[in-house]
Amino acid sequence: MPTLRLVLGDQLSMSLSSLVDWQEGDTILMCEVMEEARYVPHHKKKLAFIFSAMRHFRGALEADDKPVRYVKLDDQDNSGSFTGELERMLGEGDFDRVVITEPGEYRVMEMIHSWQDSLDVPVIVREDTRFFASLDRFERWADGKKQLRMEFFYREMRRETGHLMDGDKPEGGQWNFDKENRRKLPKDVTLPDRLRFEPDAITTEVLALVNDRFPDNFGDLEPFGMPVTRAQALEVLTHFIETCLPRFGDYQDAMAEGEAFLFHSTVSAAMNAGLLLASEVCEAAETAYQAGQAPLNAVEGFIRQILGWREYVRGLYWLKMPDYKGLNALEADRPLPDFYWTGKTDMACLADAISTTKQHAYAHHIQRLMITGNFALLAGIAPDAINEWYMVVYADAYEWVELPNTHGMAIYADGGIMASKPYAASGAYIDKMSDHCAGCRYKVKVKNSPEACPFNYLYWDFVMRNADKLKANPRMGMIYRSLERTSDERRVAIKNDAESFFENLYSEQIVV
Ligand code: FAD
């Protein structure tokens, strides 16, 4: 039964479920199509990473004697869409069926379902076994629950996988060591160097392609040093385990001016594209703990991100889509300020997070959540606008992971499906966790007036503006009690400062 096996750009794993029963006579189809490259105007580095990783993966498959029909973006006959390429291939060959692993995005799943009706051969969709929890498993966990809190799902995943378990008890007697993981970065700390990989001939060709076809997209294409093969991704993982993991926990929530990576792993893009498997990343961290090379707070914190958060957001995405994307619980409707693209703002923390993003197509979690995300939440940026920004700018962005993190965790557009309260913070939090405020034009200790840190009055403006929607939330009780004690005079000052801030913010930009 000759089978056509379609492998998508984020399915670059030899153990992929659509490849496991490969037989002589089968063909693997991989295609770079404009429809995918353009559905949002991706960061140039993200495009280069995916195309280069795809082309290298083709090489790995062929070296394993698996023939690949590979369609390059610039090939003359490239129809520009998955549907077009699949139809073309089926027209040329004699295939009995199409096999594909479930995609990472709802949009693509709908496309696949349409093939099941439109193509003459059966289209078989297989589970993506690269995740710990199948979508059915997550649905079973969620079934009947009023609240879908990550922490409880994570504990079940710990029990099920045996990661960091001591019999039926959590290793170290606690499930979570978060309280130990909130240290500010000391001034004298030495940060580890990061691995960079010189572009080879394949990557060089891709860099030229991206430069030529996507010259106006956001972000710096070069220097380019991302891992684009499994071997390189494994090197990054080993380097992280040896040099960063021991301090990953302590400084997990820290931020530092000009420092993009701190002790983070930088494996998300490789993992999401399939170059690394979540299971091997967690195993590597646990092995380091067992060998006494990394403390429990670091290893638990790291494994929780993958076994907990990563699995949970994927489950939630598929459980709640397609309605999830349209939610706008806080009725946010402000356009995205230009500085998200240019980085030109006097707020030092935002300028730094956006500059990192522009250079590396990367920012670490706290920058995404508590700087760019927090600003969008406080300012009331329209969900579609901020969701698209996060989809565009990060090399690890695919909707299954981007959307719940942005829509749910950062801007609370889902009204609390994901987070028990909005992750809103004033300048005091940013000052506590970073060194940005020292060099900022605005004064973090000043609450009102044009020289005050905008996060200060925007925070209270957010709290006042959303009182009818948030006041009943028990986790917001203390904040609203504090607001009740605030004088009318201060409330007016907050409103006025916020209004003039927004007037200036948009005065020089064309709002589209
Ligand atoms: P580390 O800090 O070293 O963490 C290890 C791994 O844990 C990551 O590689 C990632 O696979 C996983 N992880 C950590 N936090 C999360 C999380 N909240 N959700 C899912 N996985 C997590 N992650 C993406 O992979 N793609 C995205 O598009 C994305 N968008 C985000 C948008 C917002 C607004 C926020 C707040 C977070 C987003 N994240 C996203 C989650 C997280 O910020 C990134 O996974 C992380 O910063 C990647 O860097 P790292 O590999 O150095 O991670």
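Just so you know, ligand 1 is whichever comes first in the structure, and atom 1 is the first atom listed for that ligand. Values below: all heavy atoms of this structure, side chains included; hydrogens, waters and symmetry mates excluded. This is a predicted model, so every value here is computed, not measured. Position 1 is the first residue of the sequence; numbering continues from there.
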S.K.: Regarding ligand 1, does S265 bring an N or O atom to under 3.5 Å of one of the ligand's N or O atoms?
M.R.: yes
S.K.: Would you kindly specify which portion of E402 sits under 4.0 Å from ligand 1, judged on non-hydrogen atoms: side chain, backbone, both or neither?
M.R.: both
S.K.: Counting both backbone and side chain atoms, is some N or O of T406 under 3.5 Å from an N or O of ligand 1?
M.R.: no
S.K.: Going by the angle between their ring planes, with limits at 30° and 60°, are H264 and F248 parallel, tilted or perpendicular?
M.R.: perpendicular
S.K.: Salt bridge or not between R368 and D396? Use side-chain N to carboxylate O under 4.0 Å.
M.R.: yes
S.K.: Taking S52 as the fixed residue, which of D200, T229, T203 is the one that meets the side chain to side chain donor-acceptor pair (under 3.5 Å) rule?
M.R.: T203
S.K.: Of the listed options (V236, N272, L276), which comes nearest to atom 25 (O) of ligand 1 when hydrogens are ignored and any heavy atom counts?
M.R.: N272
S.K.: What protein heavy atom is closest to atom 33 (C) of ligand 1, reported as residue, atom name and distance in Å?
M.R.: N405 CB, 3.6 Å
S.K.: If you measure from each non-hydrogen atom of A269 to ligand 1, which part falls under 4.0 Å: side chain, backbone, both or neither?
M.R.: neither
S.K.: The test is salt bridge (charged side-chain N to carboxylate O under 4.0 Å, His left out); show your working for E171 and R158 and say whether it passes.
M.R.: CA-CA 10 Å; E171 183 72 25; R158 289 267 296 272; over 6 Å; no
S.K.: Hey, is R465 close enough to E331 for a salt bridge, meaning N to O under 4.0 Å?
M.R.: no
S.K.: Should we say atom CZ of R196 is surrounded by more than 12 heavy atoms from elsewhere, each under 6.0 Å from it?
M.R.: yes
S.K.: May I ask whether A363 has any heavy atom positioned less than 4.0 angstrom from an atom of ligand 1?
M.R.: yes
S.K.: Let's go through W341 and F218 carefully: what are the C-alpha distance in whole Å and the side-chain angles of both, what is the deciding distance for ring pair (Phe, Tyr, Trp, His ring centres under 6.0 Å) to 0.1 Å, and is it a yes or a no?
M.R.: CA-CA 7 Å; W341 302 111; F218 173 78; 5.5 Å; yes
S.K.: Side chain, backbone, both or neither: which part of Q252 has a heavy atom under 4.0 Å from ligand 1?
M.R.: neither
S.K.: Hey, could you give me the NZ/CZ distance between K45 and F224, rounded to the nearest 0.5 Å?
M.R.: 7.5 Å
S.K.: Under 4.0 Å from any heavy atom of M271, which atoms of ligand 1 are there?
M.R.: 9 (O), 11 (O)
S.K.: Might you confirm whether atom NZ of K421 has over 12 heavy atoms from other residues, nucleotides or ligands at distances under 6.0 Å?
M.R.: yes
S.K.: Can you tell me which residue and heavy atom of the protein come closest to atom 12 (C) of ligand 1, and the distance to 0.1 Å?
M.R.: Q305 O, 3.6 Å
S.K.: Kindly check if the number of other-residue, nucleotide or ligand heavy atoms within 6.0 Å of NZ (K179) is above 12?
M.R.: no
S.K.: Specify the protein heavy atom at minimum distance from atom 42 (C) of ligand 1: its residue, its atom name, and the distance to 0.1 Å.
M.R.: H365 ND1, 3.4 Å
S.K.: At a 4.0 Å threshold, what atoms of ligand 1 neighbour a non-hydrogen atom of T266?
M.R.: 50 (P), 51 (O), 52 (O)
S.K.: So which protein heavy atom does atom 6 (C) of ligand 1 come closest to, and at what separation?
M.R.: I306 CG1, 3.6 Å
S.K.: Any nitrogen or oxygen of V313, main chain or side chain, under 3.5 Å from a nitrogen or oxygen of ligand 1?
M.R.: no
S.K.: Looking only at protein heavy atoms, which one is nearest to atom 27 (C) of ligand 1, and how far off is it?
M.R.: D396 OD1, 3.2 Å
S.K.: Apply salt bridge (charged side-chain N to carboxylate O under 4.0 Å, His left out) to K46 and E402, showing your working.
M.R.: CA-CA 14 Å; K46 179 181 179 186; E402 176 280 329; over 6 Å; no
S.K.: Could you list which atoms of ligand 1 come closer than 4.0 Å to a heavy atom of L369?
M.R.: 36 (C)
S.K.: Take every heavy atom of F248, measure it against each atom of ligand 1, and state whether any distance is under 4.0 Å.
M.R.: yes
S.K.: Of all the atoms in ligand 1, which lie at a distance below 4.0 Å from a heavy atom belonging to H364?
M.R.: 47 (O)
S.K.: Hey, which atoms in ligand 1 end up nearer than 4.0 Å to a heavy atom of Y362?
M.R.: 49 (O), 50 (P), 52 (O)
S.K.: Describe, in one word, how the ring planes of F153 and Y312 are oriented to each other, choosing from parallel (under 30°), tilted (30 to 60°) and perpendicular (over 60°).
M.R.: tilted
S.K.: Would you mind finding which of F240, Y423, F302 brings a heavy atom closest to atom 5 (C) of ligand 1?
M.R.: F302
S.K.: Considering distance alone, does some N or O of H264 sit under 3.5 Å from an N or O of ligand 1?
M.R.: yes
S.K.: What is the minimum heavy-atom distance between K184 and Y251, and which atoms define it?
M.R.: O-CE2, 3.5 Å
S.K.: Just to verify, which of Y340, Y394, W389, Y362 counts as forming a side chain to side chain donor-acceptor pair (under 3.5 Å) with T357?
M.R.: Y394
S.K.: Tell me the contacting part of M409 for ligand 1: side chain, backbone, both, or neither, using a 4.0 Å heavy-atom threshold, strictly below.
M.R.: side chain
S.K.: Any non-hydrogen atom of Y394 lying under 4.0 Å from ligand 1?
M.R.: no
S.K.: Examine F339 together with F375 and report whether their ring centres are nearer than 6.0 Å.
M.R.: yes
S.K.: Do me a favour and list the nearest non-hydrogen protein atom to atom 28 (O) of ligand 1 with residue, atom name and distance?
M.R.: A397 CA, 3.1 Å
S.K.: What protein heavy atom sits nearest atom 48 (C) of ligand 1, and how far off is it?
M.R.: S268 OG, 3.2 Å
S.K.: Just to confirm my output: which protein heavy-atom neighbour is closest to atom 46 (C) of ligand 1, and how far is it?
M.R.: R368 NH2, 4.2 Å
